[in-house]
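Notes to accompany the following structure.
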Amino acid sequence: MREGALIVVEGIDGAGKTLNARWIVRYLRRRGREVIYTKEPTDGAIGRLLRDWTPRRVADPRVDALLFSADRLHHLRRVIEPEIAKGKVIVSDRYMYSTIAYQGAMLKDRGWVEELNRFARIPDLSIYLDVDPELGLRRKMGVRRYSEEDVEILRRVRKVYLELVNEEELESIDANRDLDQVREDISKLIDRLIS
Ligand code: TMP
């Protein structure tokens, strides 16, 4: 593979997406590829609006679904597609599967969220880091406390991610294990893509 590509890293909060997405960037650079790390929500106008969208609890998941999907289409036009056209590999920390899993779970309507993302490019590799919701929250929050409601929400989100794994949209990796073991599995997927 010498042409550009899109690799996305997905998972619930505390799965280790950012840490591993950045590691994938270094892994590919060591193999001589030109790589760009990017993330969603983005730092563009719509992404900034999403990040400032507080308090999260009163946000309407339908509005969230529309904004996250709009941010993504803007991200594709502004960064992902032009850079892939130049032969670069894009590693995106979250992508459309986040909206399908998070807002799809909140709305109990995956179909509508998928329809909103109909024009989003299908990635060349979609990695899903699977972690137990309680372990994810412990990793993310450290000593701070989290509620049973937070765990329940992430259980519902994880359920949609697992449906996507079953449908072979995502490649699942057990991220409850040590980082070294997780990375060994990630490197196999990357090697298969670039060989
Ligand atoms: P982050 O922790 O990866 O920066 O993501 C910020 C939060 O945004 C995280 O709780 C997941 C959420 N999110 C959605 O609910 N839908 C989406 O489409 C995206 C990209 C993120």
Side-chain angles (χ1 to χ4, degrees), residues 6-25 36-80 90-123 126-142 144 146-147 149-164 169-170 173 175 182:
L6 173 61
I7 299 173
V8 304
V9 184
E10 289 281 357
I12 62 169
D13 303 68
K17 288 177 308 297
T18 305
L19 205 63
N20 285 302
R22 291 197 177 277
W23 180 82
I24 292 170
V25 170
I36 291 180
Y37 168 87
T38 185
K39 68 175 293 175
E40 294 186 1
T42 67
D43 57 5
I46 308 168
R48 284 202 305 276
L49 190 68
L50 273 161
R51 289 186 192 282
D52 297 343
W53 191 252
T54 51
R56 298 285 308 170
R57 285 191 195 290
V58 299
D60 180 333
R62 286 169 296 193
V63 178
D64 280 350
L66 290 165
L67 288 178
F68 279 118
S69 304
D71 184 39
R72 176 160 312 115
L73 288 181
H74 191 215
H75 191 202
L76 276 157
R77 301 291 170 274
R78 191 171 58 94
V79 180
I80 300 176
I90 307 292
V91 179
S92 186
D93 185 343
R94 294 196 182 279
Y95 190 60
M96 65 171 162
Y97 305 105
S98 288
T99 319
I100 298 170
Y102 280 79
Q103 280 65 50
M106 295 305 133
L107 293 166
K108 299 190 179 69
D109 186 348
R110 248 185 74 178
W112 179 65
V113 181
E114 282 171 343
E115 185 58 22
L116 290 178
N117 284 276
R118 179 146 57 100
F119 300 114
R121 181 187 185 107
I122 304 292
S126 303
I127 299 173
Y128 165 62
L129 299 175
D130 185 48
V131 74
D132 172 69
E134 293 195 44
L135 176 59
L137 281 169
R138 277 205 299 280
R139 278 184 188 162
K140 192 182 159 86
M141 314 276 270
R144 276 185 294 147
Y146 52 84
S147 65
E149 190 195 343
D150 293 332
V151 179
E152 193 42 46
I153 290 173
L154 290 185
R155 281 197 191 111
R156 282 163 54 192
V157 174
R158 177 171 181 257
K159 193 163 165 268
V160 183
Y161 271 129
L162 292 177
E163 284 171 19
L164 291 162
E169 299 270 351
L170 302 173
I173 289 180
V182 173

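Side chains are part of it too, since the values below use all heavy atoms of this structure and drop only hydrogens, waters and symmetry mates. Just so you know, ligand 1 is whichever comes first in the structure, and atom 1 is the first atom listed for that ligand. This one's a predicted model, so the numbers in the text were calculated from it and none came from an experiment.
The two residues I12 and V157 come nearest to each other via the heavy atoms CG2-CG1, 3.9 Å.
Taking 4.0 Å as the cut-off between side-chain N and carboxylate O, R78 and D43 count as a salt-bridged pair.
Any N or O atom pair closer than 3.5 Å counts here, and Y95 shares no such pair with ligand 1.
Applying the side-chain contact (heavy atoms from CB on, under 4.5 Å) test between V9 and each of D93, L129, L19 identifies L129 as the sole match.
Counting the atoms of ligand 1 from 1 in the order shown, those under 4.0 Å from a heavy atom of K39 are 4 (O). Close approach of ligand 1 to S98 is summarised as follows: ligand atoms under 4.0 Å from at least one heavy atom of the residue are 16 (N), 17 (C), 18 (O), 19 (C), 20 (C). For ligand 1, the atoms lying closer than 4.0 Å to a non-hydrogen atom of Q103 are 14 (C), 15 (O), 16 (N), 17 (C), 18 (O). Near D13, meaning under 4.0 Å from one of its heavy atoms, ligand 1 places the atoms 9 (C), 10 (O). Contact atoms of ligand 1 toward R94: 1 (P), 3 (O), 5 (O), 9 (C), 11 (C), 20 (C), 21 (C) (distance under 4.0 Å to a heavy atom of the residue).
Residues D13 and Y102 have side chains that bring a donor and an acceptor to within less than 3.5 angstrom of each other. A donor and an acceptor atom, one from each side chain of T38 and H75, are located under 3.5 Å apart.
For R138 and Y146, the positive end is not near the middle of the six-membered ring at less than 6.0 Å and at most 45° from its axis.
Residue contacts with ligand 1 for D93 are absent, since no atom lies close enough (heavy atoms, distance under 4.0 Å).
In this comparison of E10, K17, R72, K140, the heavy atom closest to atom 2 (O) of ligand 1 sits on K140.
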